[in-house]
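Below, each value reflects all heavy atoms present in this structure, side chains not excepted, and no hydrogens, waters or symmetry copies. Numbered from 1 within each chain, the chains take letters A, B, ... in sequence-line order.
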Number of protein chains: 2
Amino acid sequence: MRTVKEAEERKNEILDAAEELFVTKGYDKTSTGDILDKVGIARGTLYYHFKSKEDILDAMIERISASMMVRAKAEAANTELSVIERIIRSVMSLKLQSPIGDEILQQVHKPQNALMHSKMQKNMIDSVVPLLAGLVEEGVKQGIFDTPYPFYAAEMIIVYSEFAFDEEQDRTQEELMTGIQAFIHNTEKILGAESGSLTQPMMMFFSQSDR
Amino acid sequence: MRTVKEAEERKNEILDAAEELFVTKGYDKTSTGDILDKVGIARGTLYYHFKSKEDILDAMIERISASMMVRAKAEAANTELSVIERIIRSVMSLKLQSPIGDEILQQVHKPQNALMHSKMQKNMIDSVVPLLAGLVEEGVKQGIFDTPYPFYAAEMIIVYSEFAFDEEQDRTQEELMTGIQAFIHNTEKILGAESGSLTQPMMMFFSQSDR
DNA sequence: TATATTAGACCGACAGTCTGTCGGTTAAAA
DNA sequence: TTTTAACCGACAGACTGTCGGTCTAATATA
């Protein structure tokens, strides 16, 4: 009746269960008991592998974040595309293809999940900003951007996009459209890019991908 | 042995105690029992006035936020100052003179207090952005700014400043200085202001106020 | 091949803490 | 005297993390 597995395997089983529960029910409302039931293990086993509930959350975020960065880095390294295209694709790779489901992400942004949300956000920003900063620098060298602060330009863009395109912000379709236009406009200004130089590739991206 | 008070008075006593505890110990680590002890009332009394612990948090944030907005609005309405000065002073009034203590705010930004932090942030942004947007519009009319999106310009500036000047970001003194310069630069770009037009009043502000 | 040993994985009862409820009590106004 | 708003504290229910002990499978030993 007792199944023994390699630590890594069990850990992943636990993380799988936790991820689904945290994301559907929320972190606070998921009890360690829920995870126990889902995985089919005893209390002691959970705490043998993780030192606390929050430890599970951290590991889960680490896992998600790592897989997202693989995608983003791949997009950023694709030298066949222009710098602007690479920026758009690597930033978008974080928004769209969420590692989990799709609309489930709405749950992440409920006030209850503040801890999960802020941890994911921090983790994401920490890893994406340097990536984007590199692309911006490249753009500056190529003469298509003009800013003395590539890093902080990247930071401001990422931080704001993280906020503005959160599901939590309940804006109408129209507000969202204006918001996107404004975002593009402001981004061009911050990067010191020519007016409209981002609009074109952006539209192309959106028209080729479904949503 | 039993003291009866007006509901409003008790509520404020509870909020006073909660505010100090939440801010020093953190929201999660403060138990309702702690609040009970501090105020010197019984469990039932607390739940007579507030429907849950989170309800207390919300009320507390409402109270803080309201008092902050009074200051910010006063600065924004002071027509003796230039638009740029009013922007600086109203935004700064949120950062500096925190309604609580000073360095205590560090606590607010620990991961534990994610709920409190995000609620305060959301509340703040919701109320400050429209205020700042008004000032930006005024600047556009006066010809010192140039942007087709005053509201979103304001939003981007506030959201980013909220993030960048969080105590949580542990940056060196030097990084902070470059960060501020970059922030000013980017802000000028977003507002379509002349290069350097923000730097001057900003310096003046910092030199006259101690910190 | 058969048996003993060991270490890592696992179990579940339990202590301790916390939130929110509820029936009942008291002080002060009507 | 009655009524009502404020107050009390015991208690139910839930949850997290701990701990002593158990099992399994790999390895060592005979």
Engineer: Would you tabulate the side-chain donor-acceptor contacts of residues 5-15 of chain A under 3.5 Å, counting partners in other chains and residues two or more places apart, or write 'none'?
Structural biologist:
residue	atom	partner	partner atom	Å
A:K5	NZ	A:E13	OE2	2.5
A:R10	NE	A:E13	OE1	3.1
A:N12	OD1	A:R63	NH1	3.0
A:N12	ND2	A:E8	O	3.4

Engineer: Output the rounded distance in Å from NZ (A:K5) to C1' (D:dC23).
Structural biologist: 16 Å
Engineer: Which nucleotide wins on minimum distance to the side chain of A:V4, given the candidates C:dG8, D:dT24, C:dC11?
Structural biologist: D:dT24
Engineer: Could you check how far CG of A:L36 sits from C1' of C:dC14, rounded to whole Å?
Structural biologist: 15 Å
Engineer: Tell me whether the OP1 or OP2 atom of D:dA6 has a side-chain N or O from B:T45 closer than 4.0 Å.
Structural biologist: no
Engineer: At under 4.0 Å between heavy atoms, how does the protein contact nucleotides 18-25 of chain C? Give one character per nucleotide, 5' to 3', with B, S or -.
Structural biologist: SBBBB--B
Engineer: Whole-Å distance between D:dA25 P and A:E9 CD?
Structural biologist: 13 Å
Engineer: Any donor-acceptor pair under 3.5 Å linking the side-chain atoms of B:Q121 with those of B:H117?
Structural biologist: yes
Engineer: Quick one: is the NZ or CZ of A:K53 closer than 6.0 Å to the six-membered ring centre of A:Y27, and within 45° of its axis?
Structural biologist: yes
Engineer: D:dA6 phosphate, OP1 or OP2: any side-chain N/O from B:Y48 under 4.0 angstrom?
Structural biologist: yes
Engineer: Using a strict cut-off of less than 4.0 Å between a Lys/Arg side-chain nitrogen and an Asp/Glu carboxylate oxygen, indicate whether B:E188 and A:K189 qualify as a salt bridge.
Structural biologist: no
Engineer: Mind calculating the distance between NE2 (A:H49) and C1' (C:dA9) to the nearest angstrom?
Structural biologist: 6 Å
Engineer: Is the NZ atom of A:K73 crowded by more than 12 outside heavy atoms at less than 6.0 Å?
Structural biologist: no
Engineer: In whole angstroms, how far is the C1' atom of D:dT16 from the OH atom of A:Y27?
Structural biologist: 10 Å
Engineer: Measure CG/A:N12 against P/C:dA9 and give the value in whole Å, please.
Structural biologist: 14 Å
Engineer: Calculate the interatomic distance between A:I35 atom CD1 and D:dC15 atom C1'; express it in whole Å.
Structural biologist: 12 Å
Engineer: Between A:Y152 and A:Y149, what is the ring plane arrangement, given parallel below 30°, perpendicular above 60°, and tilted in between?
Structural biologist: perpendicular
Engineer: For A:L46, which contact category applies under a 4.0 Å heavy-atom criterion: base, sugar-phosphate, or nothing?
Structural biologist: nothing
